[in-house]
Amino acid sequence: MRDKKVYLMLILFVFLVFIGCTKSPSNKEQFVPESTDIVSSYKGIENVARLIEFIRKVREEKEDQIRVVSFTNAVSV
């Protein structure tokens, strides 16, 4: 009886390792920021004028919102 539990645990462990090590599908759509987004990337910050406008409105206690998007220079394997 104990041998069956050991074999079952071993099979479950191997199955989980196999599932965890498989490569996920890479057919995801690439994210494209909107024209109103503040984009921070390795190239610099884009749409700084919108960020300054947001800061000005906050100082004037007016309601506003922005979305900050950050990109890295990481290489996916």
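For clarity, every value in this text was computed on a predicted model and none was experimentally measured.
- In this structure Leu51 satisfies the side chain to side chain contact (heavy atoms under 4.5 Å, CB included) test together with Ile38, Ile55, Ile66, sequence neighbours excluded.
- Qualifying side chain to side chain donor-acceptor pair (under 3.5 Å) partners for Glu34, counting only residues two or more places apart in sequence or in other chains: none.
- Considering only residues two or more places apart in sequence or on other chains, Glu60 meets the side chain to side chain contact (heavy atoms under 4.5 Å, CB included) condition with Arg56, Lys62.
- Residues Ile52 and Val58 share a hydrophobic cluster, clusters being chains of Ile/Leu/Val/Met/Phe/Trp/Tyr side chains in contact below 4.5 Å.
- Between Leu8 and Leu12, the closest side-chain pair of non-hydrogen atoms is not below 4.5 Å.
- Under a hydrophobic clustering in which Ile, Leu, Val, Met, Phe, Trp and Tyr are joined whenever their side-chain heavy atoms come within less than 4.5 Å, directly or via other members, Phe31 and Val39 fall into the same cluster.
- Once rounded to the nearest 0.5 Å, the distance linking OG of Ser70 with CD1 of Ile45 reads 9.5 Å.
- Note on Phe71 and Tyr42: separate hydrophobic clusters, where clusters join Ile, Leu, Val, Met, Phe, Trp and Tyr whose side-chain heavy atoms are under 4.5 Å apart, directly or indirectly.
- Across all non-hydrogen atoms, the minimal contact from Arg67 to Asp37 is NH2-OD2, 2.8 Å.
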